[in-house]
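What follows is a set of notes on a single structure, which appears directly below.
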2 protein chains.
Amino acid sequence: MILVDDLHDAIAQILRGQGQRYTTSRRAVVDALNRADRPVTLPDILVQNPDLAQSSAYRNLAELVEAGVVRRIITSDEYSHFEIADHLTGEHHHHLICTVCGSVEDFTVPHELEELIDLASGEVARDQRWSVEHHRLDLVGRCATCA
Amino acid sequence: MILVDDLHDAIAQILRGQGQRYTTSRRAVVDALNRADRPVTLPDILVQNPDLAQSSAYRNLAELVEAGVVRRIITSDEYSHFEIADHLTGEHHHHLICTVCGSVEDFTVPHELEELIDLASGEVARDQRWSVEHHRLDLVGRCATCA
DNA sequence: ATTTATGCAAATCGTTTGCAAACCT
DNA sequence: AGGTTTGCAAACGATTTGCATAAAT
């Protein structure tokens with residue numbers, strides 16, 4: 001995992017480059033995402049920052065997503081999950097999604113499989129005339145607690 | 001693609017088995033899903049069935065999802081997309097998702113790749129103690145129109 | 001000083017639900 | 001008749017937004 005200070009520095013620089021400020025609350029949101037070893041929800045973030053207004057948390061997340069440093073994961077009609085973008089952590093990963101409690105956990109697959117997926121992805125993009133930005137591989141089932 | 005009559009028969013039987021009726025409006029919803037060559041939204045369904053109440057469409061979809069004959073796809077905070085379940089159409093496929101207009105299109109990958117994914121999936125499930133039901137491979141980007 | 005971010009409360013919007021009437025068997 | 005399904009309108013709940021205040025540069 002990337003060092004926290006480096007992470008903050010990198011994000012600060014990206015935000016500044018877009019004319020935005022890396023405020024205390026934005027830093028707190030990033031810390032909440034970074035502390036967790038899995039994507040977190042808005043309530044998760046607020047529990048760790050009881051003084052942060054809900055609307056500010058949402059606005060911070062929106063800024064960070066817009067700046068490309070945070071990724072939003074929508075898989076149910078409950079809360080979205082948020083995580084630090086892959087290119088900042090340096091580890092490309094995927095998600096296990098629990099159909100019972102809605103929790104999301106990370107996993108990785110061998111590099112060769114990623115390459116095969118990208119290869120197939122390229123063919124599909126060409127055949128169906130899409131411009132594919134990235135792939136997403138989810139495993140849907142029950143987590144250790146809900147199984 | 002499966003013959004419509006066979007599809008309706010199969011669904012009717014499944015619903016009856018669960019003590020539910022395969023009513024005219026449910027049949028109409030299934031027809032709307034089956035006519036499209038891609039997952040459709042609630043507005044899509046209502047356009048084809050102007051006399052169907054929105055709440056009934058949602059209730060029908062919920063029943064069909066509950067019975068396992070329809071799959072709901074949530075990928076944005078706009079409308080969900082719905083499609084006939086794989087096991088009824090006999091073709092396992094995945095989705096291209098447009099980040100601009102939100103449309104969803106189907107694609108397939110070679111059988112060997114599916115097997116490699118399932119293999120990796122099995123390992124992950126064992127290592128992280130999840131019970132995995134199925135995998136999901138999405139390609140995120142821009143559709144032919146929005147590219 | 002001027003711009004940008006925050007907190008609060010109200011609005012949004014896809015989806016769900018209560019209830020009475022219509023439908024099926 | 002007895003149970004299910006439908007339509008309408010109201011309720012829900014996660015997220016967004018307007019606006020006045022506070023913070024950052």
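In the text below, chain A, chain B and the rest are named by the order of the sequence lines, each starting its count at 1.
- Residues from residues 4-16 of chain A lying near DNA chain C, meaning a heavy-atom separation below 4.0 Å, are absent.
- Every residue meeting the side chain to side chain donor-acceptor pair (under 3.5 Å) condition with A:Ser80, not counting sequence neighbours, appears here in chain and number order: A:Arg72.
- Here the CD atom belonging to A:Glu78 is positioned 9.0 Å from the CD1 atom belonging to B:Ile74, to the nearest 0.5 angstrom.
- Nearest-nucleotide positions on DNA chain D for A:Tyr22 and B:Gln20 put B:Gln20 closer to the 5' end.
- If you look at B:Phe107 and B:His93, their ring centroids are not closer than 6.0 Å.
- Other members of the cluster containing B:Val100 do not exist, because no ILVMFWY side chain is joined to it at under 4.5 Å.
- In summary, contact between chain B and DNA chain C, defined as any nucleotide atom under 4.0 Å from a heavy atom of the protein, begins and ends at C:dG14 to C:dC24 in the 5' to 3' direction.
- Separation of atoms CD (B:Glu63) and CG (B:Leu15) is listed at 7.5 Å; rounding is to 0.5 Å.
- Listed by chain and residue number, A:Ser103, A:Glu105 satisfy the side-chain contact (heavy atoms from CB on, under 4.5 Å) test with A:Arg38 (two or more places apart in sequence, or in another chain).
- Residues satisfying the side chain to side chain donor-acceptor pair (under 3.5 Å) test with B:Gln54, not counting sequence neighbours, are none.
- A:Leu64 CG to A:Ile14 CD1: the interatomic distance, rounded to the nearest 0.5 Å, is 10.0 Å.
- Qualifying side-chain contact (heavy atoms from CB on, under 4.5 Å) partners for A:Ser56, counting only residues two or more places apart in sequence or in other chains: A:Leu52, A:Ala53.
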Which pairs of donor and acceptor atoms, one on a side chain in residues 111-124 of chain A, lie under 3.5 Å apart (sequence neighbours left out)?
from, atom 1, to, atom 2, distance (Å)
A:His111, NE2, A:Glu115, OE2, 3.4
A:Glu114, OE1, A:His92, NE2, 3.1
A:Glu114, OE1, A:His94, NE2, 3.4
A:Glu114, OE1, A:His135, NE2, 2.7
A:Glu114, OE2, A:His94, NE2, 2.8
A:Asp118, OD1, A:His135, ND1, 2.8

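- Mapped onto DNA chain C by nearest heavy atom, A:Arg21 and A:Thr24 fall at different nucleotides, with A:Arg21 at the one closer to the 5' end.
- Here the OG1-NE2 distance, from A:Thr99 to B:His134, works out to 8.5 Å after rounding to the nearest 0.5 Å.
- Considering only residues two or more places apart in sequence or on other chains, A:Arg142 meets the side chain to side chain donor-acceptor pair (under 3.5 Å) condition with none of them.
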Determine all donor-acceptor pairs shorter than 3.5 Å in which one atom belongs to a side chain in residues 23-30 of chain A; sequence neighbours excluded.
from, atom 1, to, atom 2, distance (Å)
A:Thr23, OG1, A:Arg26, N, 3.4
A:Ser25, OG, A:Asn60, ND2, 3.2
A:Arg26, NE, A:Asn60, OD1, 3.2
A:Arg26, NH1, A:Arg21, O, 2.8

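- Rounded to 10 degrees, the angle separating the terminal axes of the helix from C:dA1-D:dT25 to C:dT25-D:dA1 is 30°, with each axis obtained from five end pairs.
- Following rounding to the nearest Å, A:Gln18 (CD) and D:dT25 (P) show an atom-to-atom distance of 16 Å.
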Sugar-phosphate or base contact per nucleotide [nucleotides 14-22 of chain D; S, B, -; heavy atom under 4.0 Å]: SBBBB----
